[in-house]
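Owing to the predicted nature of the structure, the values given are computational and were not obtained by experimental measurement. Throughout, protein chains are lettered first and strands after them, A, B, ... in sequence-line order, and every chain is numbered starting at 1.
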There are 2 protein chains.
Amino acid sequence: MTVGHARGGSLLTALSDAGARVTEPRRAVAALIGAQDGHFTTAQLLTAARLEYPGLGRATIFRALDLFTSLGFVERMDLPGGGHAWVACETAHHHHAICTRCGRSTEVDDHGLADVLASVAGRSGFRVTTHRLEVFGTCASCLAATA
Amino acid sequence: MTVGHARGGSLLTALSDAGARVTEPRRAVAALIGAQDGHFTTAQLLTAARLEYPGLGRATIFRALDLFTSLGFVERMDLPGGGHAWVACETAHHHHAICTRCGRSTEVDDHGLADVLASVAGRSGFRVTTHRLEVFGTCASCLAATA
DNA sequence: GTCCATGTGAGACACAGTATCAACTAGAGA
DNA sequence: TCTCTAGTTGATACTGTGTCTCACATGGAC
Ligand SMILES: [Zn+2]
Ligand SMILES: [Zn+2]
Ligand SMILES: [Zn+2]
Ligand SMILES: [Zn+2]
């Protein structure tokens with residue numbers, strides 16, 4: 001499995017490139033993430049871990065998630081209810097369209113959003129440093145299944 | 001103080017309009033929210049409550065926050081770090097530009113964003129039901145203060 | 001004023017994430 | 001290959017945030 005392969009290297013090679021060790025627990029977390037379909041919550045990941053890698057520590061999973069996030073291979077997103085979920089990412093900066101029915105998420109690029117942000121900045125004198133956009137709805141295949 | 005006055009009525013009148021009781025604790029929470037400058041975290045609100053309204057229950061504050069949210073007078077937003085904050089809102093649907101220096105937030109309307117969402121839908125066959133945009137940066141007055 | 005659905009506070013609880021620390025190990029260098 | 005050490009790990013305890021329960025209180029309709 002390869003998380004973030006679009007960036008040209010596997011997560012594990014990226015780890016050593018970043019000076020971080022390629023350890024057995026990190027391999028396990030990477031495998032768990034790769035096995036997830038669409039976005040996943042920490043709870044789901046922890047459950048999967050308990051089954052497939054008993055002995056893998058809770059804290060280690062959170063630490064790996066943080067590390068992978070800082071490397072850009074995974075991204076945290078905010079669910080409408082207030083909880084958090086994660087997605088394995090392919091590209092540097094983007095947003096997610098999350099299907100509330102099947103849970104899969106599609107990446108959305110910034111096309112057009114930059115203009116929106118520019119107009120926010122222009123009108124108010126606000127200097128934008130970060131932004132976050134999340135889109136929720138129903139994906140094409142779930143729509144087809146319903147119809 | 002009036003929260004959400006742009007909608008034509010005070011929060012308290014809206015409560016009775018919605019069939020909810022106008023109680024002393026809810027008045028207190030409304031006053032606390034009105035006294036906040038910009039967005040605020042639950043922790044901040046709880047601290048303020050302990051000072052100004054000792055005896056006001058923790059759960060009651062969360063309940064009031066939920067109620068006010070469902071009435072659209074307050075909105076929960078996601079901070080970059082993963083925590084949550086709240087803002088008193090003036091208009092129905094909008095987004096926030098949050099100054100990471102002074103904490104104030106400005107409302108941002110959907111101008112242009114609708115097009116972005118439409119293009120997301122158009123290209124992928126995704127049907128958008130909800131979305132969330134949050135913009136972080138430095139506000140005009142904080143920029144001026146720094147310069 | 002009476003009455004009861006609605007709302008309240010205290011405290012127990014569930015859950016997510018963090019801090020600590022002794023033990024372990026990846027991987028660089030001899 | 002062997003050694004050594006900084007980086008990493010798992011157990012455990014802990015904090016913080018938000019929820020649940022339930023006996024008690026109260027808003028507001030009548
Ligand atoms: Zn779907
Ligand atoms: Zn973006
Ligand atoms: Zn500011
Ligand atoms: Zn919008």
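Closest contact between the side chain of A/Thr42 and the listed nucleotides C/dT8, C/dA16, D/dT19 involves C/dA16. For B/Phe62, the listed nucleotide lying nearest its side chain is D/dG18; candidates were C/dA16, D/dG18, C/dG9. Nearest to the side-chain atoms of A/Ala59 among the listed nucleotides D/dA11, D/dT9, C/dG9 stands D/dA11. Each of D/dT19, C/dA16, D/dT8 was ranked by its minimum atom distance to the side chain of A/Arg26; first place goes to D/dT8.
Rounding to whole angstrom units, CG of residue A/Asp66 and P of C/dA16 are separated by 15 Å. Rounded to an integer number of Å, the gap from A/Ile61 CD1 to D/dA11 P is 11 Å. As a whole-Å value, the separation of B/Leu65 CG from D/dT19 C1' is 14 Å. One interatomic measurement links the two molecules: CD of B/Gln44 to P of D/dG18, which rounds to 12 Å at whole-angstrom precision. The distance from atom CZ of A/Arg27 to atom C1' of D/dT9 is 15 Å, rounded to the nearest whole Å. A straight line from NE2 of A/His84 to C1' of D/dT17 spans 11 Å, rounded to a whole angstrom. Atom CD in A/Glu24 sits about 23 Å away from atom P in C/dA23, given to the nearest Å. Rounding to whole angstrom units, CG of residue A/Leu46 and P of C/dC15 are separated by 12 Å.
The base of D/dG7 is paired with the side chain of A/Arg21 by a donor and an acceptor separated by under 3.5 Å.
Taking for each of B/Arg58 and B/Ala20 the nucleotide of DNA chain C with the nearest heavy atom, the 5'-most of the two is the partner of B/Ala20. Along DNA chain D, the nucleotide closest to A/Gly57 and the one closest to B/Ala43 are compared, and the more 5′ of them pairs with A/Gly57.
Side chains of B/Arg63 and B/Leu65 form no contact here, defined as non-hydrogen atoms less than 4.5 Å apart.
Residue contacts shown for A/Gly82 are absent, as no nucleic acid heavy atom lies under 4.0 Å away. Contacts of A/Arg63 with the nucleic acid, taken as non-hydrogen atoms under 4.0 Å apart, include base atoms.
Checked against B/His95 for a side chain to side chain donor-acceptor pair (under 3.5 Å), the options B/His131, B/Glu134, B/Arg132 give a single hit: B/His131.
In this structure a side-chain-to-backbone donor-acceptor pair under 3.5 Å is missing from B/Thr41 to B/Ala85. A/Arg76 places no side-chain N or O within donor-acceptor distance of the main-chain N or O of A/Asp66, the cut-off being under 3.5 Å.
Taking side-chain N and O atoms only, A/Thr23 has a distance below 4.0 Å to OP1 or OP2 of D/dT9.
Of all non-hydrogen atoms in A/Phe126 and B/Ile98, the two that sit nearest each other are CZ-O, 3.3 Å.
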